[in-house]
Amino acid sequence: MIKSAYLQRVYNDVLTRDPNEKEFHQTVLEVLESLDQIIDQHPEYERRGIIEAFVEPERIISFRVPWVDDRGGIHINRGYRVQFNSAIGPYKGGLRFHPTVNLSILKFLGFEQILKNSLTTLPMGGAKGGSDFDPKGKSDDEVMRFCQSFMTELQRHIGQFVDVPAGDIGVGGREIGYLFGQYRRVRGTYAAGVLTGKGLTFGGSLVRTEATGYGICYLTQEMLKHMRNDSFEGKTVVISGSGNVAIFATEKAMQLGAKVVGLSDSNGYIHDPDGIKLDVIKDIKLNRRARIKAYADEVPGSTYADGFRGIWSIPCDIALPCATQNEIDAGTAKLIVKNGAMAVTEGANMPCYPEAVQIFQEAGLLVAPSKAANAGGVATSGLEMSQNSMRYSWTFEEVDHRLKDIMANIFQNIYHAAEECGKPGDLVVGANLAAFKKVADSMLTQGLI
Ligand code: NDP
Ligand code: 2IT
């Protein structure tokens, strides 16, 4: 429910302009509800059209991506880049390759990215892009040809001072390598800072691969320490997904003393009451690109069940949804509460429906919103850009130390922003307000652009 007439009008316009973009509507509504807390203190936002501008992307690019499969068959996919907001720095945000990709999903992700990047304190605007291409079941050569075709078109719209893409679902080190190679070939220049998540031999940063998952645990650790005087030590953790984010969240949660007992992919989930064997999961997912079902075949005492939502039937103290948006609905949230969880940290972008967040908060669980919790990934991308500019690379310890500091600082910022607006403990509102202020101030100061 929005109280301010101005914010309600902006929201109505969003609904009317793009009636089918339900994921985008969802994130805009959440943010506008948070802004309701402070809008009366800022008449200049309405006077200068700041919120109207904030919900409208600066630029949306859509393009054709033709490619040839291994048998000579021709395919046409659709590529996109949503350059949402560059008030505080060049556009920055990942690329998603998944058959469900559409403008609503990329606008929601780009919108979240503006605020997330602001929280990192590094100078990065917000963007997101990708394609409805499905890398699953494709050969390495097919993925390479697709990436080359995608970059042949995208390259004219990006650059180290313009827009810096990175990975997201379906885009990891392999894809970034092919994309970077094509950028270099087409442009005839070695501009390392045009992409992040690069390989370590060509300008990538140590810790970038681990950063999102590690950062999720660092932020959770701060939240547990400051709000419950507690830690990961001895806790049972369930993590959805088994991609980049889920795997390195598992690694860090284990290092911090927790037992991770469940992981999933889009087909189903595994339960290992003795604790997931990380080396087995890494081998299945990172080396063999196989399905998670293989884990139960290889590890005695573990079980597999079909259906990815079932993972939340496993009781846990800490839930880390790290697969995709809207995986946790109201029914699932009630189950997680009933099973006795104390904290939920959103690892994926917007994995919980708003009703689920409300159920968690009303039941007294700690909730860390994704734009704060998973900001370690893009923050380390920012550190990669810094190293590229310096033509230098920091050690693993140096980058990890900076990542930890950034996550601790994000927690403090969002915690205090929630207190200041009269919603103590509500980190969802805290994150939106702390992040928005910097972007809005920058937009105001730079005039109508
Ligand atoms: P990956 O592609 O490495 O892994 C995605 C995982 O989620 C896989 O296990 C996949 O299963 C599962 N998944 C994807 N789509 C669905 C779906 N529709 N339903 C059920 N399961 C699904 O991606 P990442 O780990 O990089 O990303 C995970 C989440 O984290 C996303 O929300 C992403 O936006 C977010 N994120 C990623 C960052 C990064 O640095 N990579 C940074 C910040 C946020 P399957 O293999 O079966 O498809
Ligand atoms: O959602 C995200 O923050 C990412 N996919 C990472 C973006 C980046 O530019 O590192």
Side-chain angles (χ1 to χ4, degrees), residues 24 27-28 31 35 45 48-62 80-96 103 105-130 154-168 171 176 179 183 191-197 205 208 211-212 215 349-350 370-372 374-389 406 409-410 413 431-449:
F24 182 55
T27 178
V28 168
V31 171
L35 295 183
Y45 290 170
R48 302 295 296 163
I50 292 296
I51 314 286
E52 290 94 322
F54 184 61
V55 298
E56 183 65 19
E58 289 177 17
R59 190 172 301 103
I60 297 178
I61 298 148
S62 165
Y80 304 92
R81 188 72 178 163
V82 177
Q83 297 180 329
F84 218 124
N85 192 304
S86 59
I88 65 173
Y91 306 109
K92 180 85 194 88
L95 297 171
R96 177 176 292 191
L103 257 191
I105 288 179
L106 295 181
K107 279 175 68 180
F108 120 65
L109 289 164
F111 187 72
E112 291 267 312
Q113 198 82 45
I114 306 168
L115 297 167
K116 181 193 310 194
N117 293 2
S118 167
L119 288 176
T120 67
T121 71
L122 302 173
M124 302 180 290
K128 203 81 186 192
L154 185 68
Q155 54 85 20
R156 72 186 74 232
H157 305 291
I158 61 174
Q160 58 170 331
F161 300 116
V162 180
D163 183 356
V164 183
D168 192 79
V171 178
I176 294 293
L179 292 165
Y183 185 85
V194 70
L195 290 172
T196 59
S205 173
R208 177 61 189 90
T212 311
N349 285 307
M350 202 170 77
S370 52
K371 57 177 76 70
N374 69 30
V378 73
T380 309
S381 281
L383 300 177
E384 182 171 330
M385 291 162 73
S386 304
Q387 293 168 82
N388 293 151
S389 293
I406 289 171
N409 179 52
I410 291 177
N413 257 335
N432 287 333
L433 295 184
F436 180 73
K437 187 169 181 343
K438 196 168 105 185
V439 180
D441 287 352
S442 307
M443 290 172 75
L444 277 167
T445 316
Q446 292 174 41
L448 202 58
I449 51 170

| said: In the structure I gave you, are the side-chain heavy atoms of L179 and L95 within less than 4.5 Å of one another anywhere? | reply: yes
| request: Would you mind reporting whether V162 and P90 have side-chain heavy atoms less than 4.5 Å apart? | output: no
| Atom CG of L383 and atom CG of N388: how far apart are they, to the nearest 0.5 Å? | 11.0 Å
| To the nearest 0.5 Å, what is the distance between CD1 (I406) and OG1 (T380)? | 6.5 Å
| remark: Here the pair of heavy atoms bringing M443 nearest to A53 is CE-CB, 3.7 Å
| query | Do the side chains of S381 and V164 get nearer than 4.5 Å, heavy atoms only? | reply | no
| Distance from N413 atom CG to L119 atom CG, nearest 0.5 Å? | 7.0 Å
| Test item: F436 and I51 side chains (from C-beta on) under 4.5 Å apart, heavy atoms | yes
| message | Nearest 0.5 angstrom please: T196 OG1 to Q160 CD, how far? | response | 12.5 Å
| task | Classify the ring geometry between F24 and F84 as parallel (under 30°), tilted (30 to 60°) or perpendicular (over 60°). | result | tilted
| query | Which atom pair, heavy atoms only, marks the closest approach of G447 to R48? | reply | CA-NH2, 4.5 Å
| field | Set of side chain to side chain donor-acceptor pair (under 3.5 Å) partners for K438, sequence neighbours left out | value | none
| field | Check: T120 side chain, K116 main-chain N or O, donor-acceptor pair, under 3.5 Å | value | no
| note | Tightest non-hydrogen contact, residues V82 and P57, listed as CG1-CB, 4.0 Å
| Contact summary for S370 and E112, nearest pair of heavy atoms | OG-OE1, 3.6 Å
| said: Ring-plane angle category for F54 and F111, please: parallel below 30°, perpendicular beyond 60°, tilted otherwise. | reply: tilted
| message | Main chain of I114, side chain of S118: is a donor-acceptor contact present, judged purely on distance under 3.5 Å? | response | no
| task | Would you give the length of the straight line joining atom CD1 of I88 to atom CG of N117, rounded to the nearest 0.5 angstrom? | result | 6.5 Å
| field | Which atom of G159 lies closest to which atom of Y183, heavy atoms considered | value | CA-OH, 4.1 Å
| CD1 of I61 to CG of D163: how many Å apart, nearest 0.5 Å? | 7.0 Å
| Would you say the side chain of Q113 lies within less than 4.5 Å of the side chain of L109, judging by non-hydrogen atoms? | no
| said: Do R96 and I105 have side chains that approach each other closer than 4.5 Å (heavy atoms only, starting at C-beta)? | reply: yes
| said: I'd like to check N432 versus L115 (side-chain heavy atoms, cut-off strictly below 4.5 Å). Are they in contact? | reply: yes
| task | Only one of Q83, E58, R81, K128 passes side chain to side chain donor-acceptor pair (under 3.5 Å) with Y91; say which it is. | result | E58
| said: Contact between L444 and Y45 at the side-chain level, heavy atoms closer than 4.5 Å - yes or no? | reply: yes
| said: Run the salt bridge (Lys or Arg N to Asp or Glu O under 4.0 Å) test against R208 and tell me which residues pass, sequence neighbours left out. | reply: none
| note | With sequence neighbours left out, the residues meeting salt bridge (Lys or Arg N to Asp or Glu O under 4.0 Å) with R59 are none
